[in-house]
Amino acid sequence: MRRDDGPSETEGRLETVGLVPAALARALASAGRVVVLTGAGVSAESGIPTFRDALTGLWARYDPLDLATPAAFERQPRLVWDWYAMRREAVLVAEPNAGHDALVEMERRVPAFLVATQNVDGLHARAGTRSLVELHGNIARVRCSRDHGVVDRWDPPPSDEPPRCPHCRAFLRPDVVWFDEMLPADALARAEDEAQRADLMIVAGTSAEVHPAASLPLMAKAAGARVVEVNPGETPLSRLADYTLRERAGVALPALVAAAWPAGDHGRGSSPAARAPGGGAK
Ligand code: OAD
């Protein structure tokens, strides 16, 4: 855990509530507006691989240029379709973990709250987060590659093609954002607006390398927000963060909630207290 500025040394280092500096707990408890940017690390404890972790990340085993760009889909549409279909299956059997649940608890307590996620797994929504923007889309949805319309049924394709749009016969594709594509404009605008108005921005489980998502904490910081990083590893954001919790999200996010609202009722069925940090895929 590291603190760059803001609270006094005594507050930041000596007085802590578990792993959370007391000054951070107070800042969260009194914040009117909180934005949380999440990345693949938040779903790691649900058994979903991250992208850039050296041994277990997807980009250690696959080349994003072969799988996650419009050019890759043009070259090998069926390969790309199959890769996303495989990941979709894995996501559908995964369960939210204690980190997702802690953000649901946080939303109940903070007056204006938003989770902006880069994750396409839908686990924040399944955990119960309501104020949510999915910056990179959602892998459970399928859309037409030509007119962008979301489609929920299609005929079985021949073995060398993705399924086709029932309306225009163009190939169907996952409703996710690929490299070289724009983010959904409304989702990004809402995230940017809230980041610039936030008192506190929590950045959890992201390598903070992919823009424009990674620019959100910089915008928040420039507009005066305190920035908290939750990540077991260092990122380009670490040196800008006011607080860094070097822990897994499934541990640090529940600890943040417990520290900020110590007398709070965390007793909901799927609360941070009730779900083990490694919620895990089923
Ligand atoms: P990355 O794989 O780049 O980064 C995951 C981060 O999570 C790393 O910094 C890890 O240290 C951290 N981490 C691992 N386990 C964790 C845990 N249990 N708790 C907290 N943190 C943990 O994933 P993203 O930053 O989400 O985009 O990647 C951003 C985008 O790049 C993705 O949305 C995806 C990818 O290519 C597209 O596919 C367009």
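Only heavy atoms go into these numbers, but all of them, side chains included; no hydrogens, no water, no symmetry mates. All ligand and atom numbering here is 1-based and tracks the order in the structure. From a predicted model like this one, the values you see are computed outputs, not experimental measurements.
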### NZ or CZ of Arg173 within 45° of Trp178 ring axis and under 6.0 Å
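Yes, a cation-pi geometry holds between Arg173 and Trp178.
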### Message
Just verifying a value: how many Å separate Asp175 CG and Arg143 CZ, rounded to the nearest 0.5 Å?
### Response
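If we round to the nearest 0.5 Å, Asp175:CG and Arg143:CZ are 5.0 Å apart.
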### Query
Can you name the residues that come within less than 4.0 Å of ligand 1, going by heavy atoms only?
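Correct list: Gly39, Ala40, Gly41, Ala44, Glu45, Thr50, Phe51, Arg52, Asp53, Trp59, Gln118, His136, Val177, Phe179, Gly205, Thr206, Ser207, Val210, Asn231, Pro232, Arg248, Ala249.
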### Message
Just checking Arg61: does its CZ atom have more than 12 heavy atoms from other residues, nucleotides or ligands closer to it than 6.0 angstrom?
### Response
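Enclosed: over 12 neighbouring heavy atoms sit under 6.0 Å from CZ of Arg61.
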### Task
Apply ring pair (Phe, Tyr, Trp, His ring centres under 6.0 Å) to Phe179 and list each qualifying residue two or more places apart in sequence or on a separate chain.
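Phe179 satisfies ring pair (Phe, Tyr, Trp, His ring centres under 6.0 Å) with no residue once adjacent residues are dropped.
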### Task
Verify whether one side chain among Arg190 and Ser131 offers a donor that lies under 3.5 Å from an acceptor in the other.
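Arg190 vs Ser131: donor-acceptor pair found between side chains.
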### Task
Check the hydrophobic clustering (I, L, V, M, F, W, Y; side-chain heavy atoms under 4.5 Å; chains of links allowed) and say if Trp59 and Val42 are grouped together.
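The answer is no; the residues belong to distinct hydrophobic clusters.
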